[in-house]
Student: 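Before we start, here is the structure in question, set down as structure tokens.
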Amino acid sequence: MNSFTRHPMDEMIAREVQELRNPVSSGRMDQAIRIMQSPPATKATSVQRWPLAVGFATAAIVAAIVVSPLGSTNAYASELKAVGQAQSNQKVVYQKSLLFGGYKKPMMIMEFWTDHEKQTYRQTSGEGKLQVVIVSDGQKSYTYVAANPKSGMPESATVREDNSPHFSLDSMDSLLASKLFRQNRVQKKSCVNLNGRLYDLYSVGKSESHRYWIDPKTKLPMQREIDDAEGSIWKRDFYQYPGKFSESTFKPYMVPGLKYKAQKSLSLGNPQKVTSKATR
Amino acid sequence: MNEVELAKKVESRDHEAAEEFVREHYPAVLRLTLRLTGKREEAEDLAQETFLVARQKIGTYKGRSTLRTWIHKIALNQYRQWRRKRAPISLSDQEFTSPDSSIAAFETGHVLMNAMSRLSHKHREAFVLFEIEELSMEEVAHVLGVPVGTAKARVFYARQSLRRQLQGTTVEVNDELIHSSSNG
């Protein structure tokens with residue numbers, strides 16, 4: 001990635017950079033095409049006035065254009081796309097463990113319970129300390145954040161009105177949109193034993209750095225592993241279909257003495273919605 | 001068709017060439033403005049402004065740099081003009097949050113976007129151009145209008161600052177701060 005001396009945080013930076021390199025969808029590319037097809041303006045005009053010239057119809061195009069089409073064309077790639085479709089709208093429990101090369105324990109464990117509009121997220125440290133719980137019923141979300149001795153932040157709880165889905169299942173979608181997928185062929189091995197069951201193992205990337213164990217019957221992923229640049233496992237995920245939920249799964253995490261407060265929702269591109277805010 | 005020929009065709013209002021030019025460069029321009037501003041609407045507007053300027057100046061393109069570098073430079077200038085016009089924003093106002101999800105976990109780029117928002121403008125520009133846009137250091141220097149050594153130094157200091165920030169990993173859920181242990 002670069003020629004600088006390697007630092008423990010570089011792996012995280014590299015992962016995040018990889019995400020930020022992903023194409024950004026936009027419905028306004030057509031406007032830019034029209035701009036370039038037009039005669040040059042005598043003076044650069046403000047883009048705020050431009051839509052009036054080209055008509056708001058273009059600006060109102062709702063369908064997002066996926067900017068960069070998938071480049072992998074082999075059959076296994078299309079099979080992975082089918083896996084992504086099968087995975088959507090599943091009632092699922094999904095556990096994501098972040099590991100850093102050389103560390104024996106996960107740095108962080110994130111668990112997701114998804115039942116359509118109902119969603120719960122729990123984040124615990126590698127030592128098992130609960131850090132965050134977010135519960136969303138599709139109308140409101142309740143967030144509990146544990147106190148942090150490093151920052152001195154107080155334990156807090158908030159509630160905000162938000163109809164948008166909060167967590168997207170870390171599905172195939174992010175892989176399919178990635179440069180890694182577009183630039184590498186997908187490999188497949190059948191009948192691979194994992195914990196006594198046979199799966200199709202798909203792998204992508206140099207040294208098969210991204211590995212997916214897919215149930216050949218349901219076409220759903222059961223496990224995923226991703227290696228870091230050093231070849232150590234960086235992340236290991238487990239999926240459970242259909243997810244098993246207890247009654248309390250989608251209830252806000254209540255801490256005695258801690259009140260939920262309304263809070264504004266900051267969301268890029270969307271108007272802020274008034275919600276309720278709180279701390280102890 | 002080389003890039004100078006393509007530019008000439010765009011200049012002479014060849015519609016297919018214009019479309020090819022936009023389809024080739026729009027994604028990178030939008031990504032650049034989005035990563036620099038952290039604001040979707042502003043980034044989209046800046047991308048449009050960039051192509052307005054590009055349309056005006058395409059006749060002056062002589063092939064001294066690649067079209068990619070050339071349009072990145074225009075986009076960066078548009079971003080700088082936008083930045084100068086607006087009042088500084090406090091961290092509590094900043095909008096380096098994911099548009100699609102209020103859960104900011106790793107591998108969404110969210111953690112790094114938040115850390116990048118705390119970099120100086122110069123360091124952020126250099127980092128985005130080099131690491132995210134994957135320009136060569138020479139191209140970064142050309143776009144920034146500085147010597148290669150200066151561009152290298154800016155990327156270096158940006159990375160150093162990001163490492164420091166991420167050491168005590170801070171994951172941000174909208175305006176909630178969530179700290180995670182990084183020693184496990």
Side-chain angles (χ1 to χ4, degrees), chain A residues 4 7 9-10 12-13 15-17 19-21 23-24 26 28-29 31-33 35-41 44-45 47-48 50 67-68 98 103 105-108 110 121 123 125-127 131-132 134 141 143 145 148 150-151 153 158 162 166-168 174 263-270, chain B residues 10 13 15 18-19 21-23 26-27 30-31 34-35 38-41 44-45 47-49 51-56 58-59 95 97-103 105-109 111-113 131-132 134 155-156 159 162-163 166-169 173-182 184:
Chain A
F4 300 118
H7 183 276
M9 284 297 108
D10 284 354
M12 179 190 290
I13 293 173
R15 284 276 160 213
E16 294 278 300
V17 161
E19 286 303 312
L20 295 179
R21 285 177 187 162
V24 180
S26 170
R28 293 177 64 182
M29 190 193 284
Q31 276 188 47
I33 292 172
I35 289 170
M36 292 308 291
Q37 289 173 339
S38 309
T45 52
V47 72
Q48 277 76 13
W50 177 255
V67 171
S68 185
L98 291 182
Y103 290 117
K105 289 190 297 185
M107 171 190 163
M108 188 191 295
M110 291 171 275
Y121 167 84
Q123 177 182 308
S125 70
E127 290 77 28
Q131 295 176 323
V132 185
I134 303 175
S141 64
T143 303
V145 182
N148 187 285
K150 282 184 184 174
S151 66
M153 282 180 60
T158 60
D162 192 346
H166 283 255
F167 332 119
S168 57
S174 57
Q263 192 165 63
K264 284 192 294 185
S265 176
L266 287 177
S267 188
L268 251 185
N270 294 320
Chain B
V10 175
R13 299 193 60 194
H15 283 203
E19 183 167 348
F21 174 79
V22 174
R23 293 205 180 278
Y26 191 87
L30 177 59
R31 187 175 51 201
L34 184 59
R35 299 315 178 211
K39 294 168 175 287
R40 161 68 73 163
E41 289 299 315
E44 294 263 19
D45 285 350
Q48 299 290 317
E49 296 269 11
F51 282 90
L52 271 173
V53 175
R55 178 65 192 97
Q56 275 196 303
I58 193 80
E95 295 181 60
T97 51
S98 165
D100 304 315
S101 161
S102 64
I103 176 62
F106 288 97
E107 296 192 61
T108 61
V111 173
L112 190 60
M113 280 295 280
E131 296 287 10
I132 298 172
E134 299 180 89
V155 174
F156 174 81
R159 171 168 290 275
L162 292 172
R163 286 167 174 168
L166 298 176
Q167 193 78 53
T169 308
V173 174
N174 286 340
D175 43 356
E176 297 282 6
L177 287 173
I178 299 162
H179 285 250
S180 65
S181 164
S182 61

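Chain identifiers are assigned alphabetically (A, B, ...) following the order of the sequence lines, protein sequences preceding nucleic acid strands; residue numbering begins at 1 within each chain. Any value given below was found using the heavy atoms of this structure, including those in side chains, with hydrogens, waters and symmetry copies removed.
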Student: Which heavy atom in B:Leu112 sits nearest to a heavy atom in A:Ile13, and how many Å separate them?
Tutor: CD2-O, 4.1 Å

Student: Could you tell me if the side chain of B:Ile132 sits less than 4.5 Å from the side chain of A:Glu16, heavy atoms only?
Tutor: no

Student: For B:Phe51 and A:Met36, which heavy atoms make the closest approach, and how far apart are they?
Tutor: O-SD, 3.4 Å

Student: Could you state the interatomic distance from CD (B:Gln48) to CE (A:Met29), rounded to the nearest 0.5 Å?
Tutor: 10.5 Å

Student: Look up atom CZ in B:Arg35 and atom CZ in A:Arg21, then write down how far apart they are to the nearest 0.5 Å.
Tutor: 11.5 Å

Student: What residues form a side chain to side chain contact (heavy atoms under 4.5 Å, CB included) with B:Glu19, not counting sequence neighbours?
Tutor: A:Ile33, A:Gln37, B:Arg23

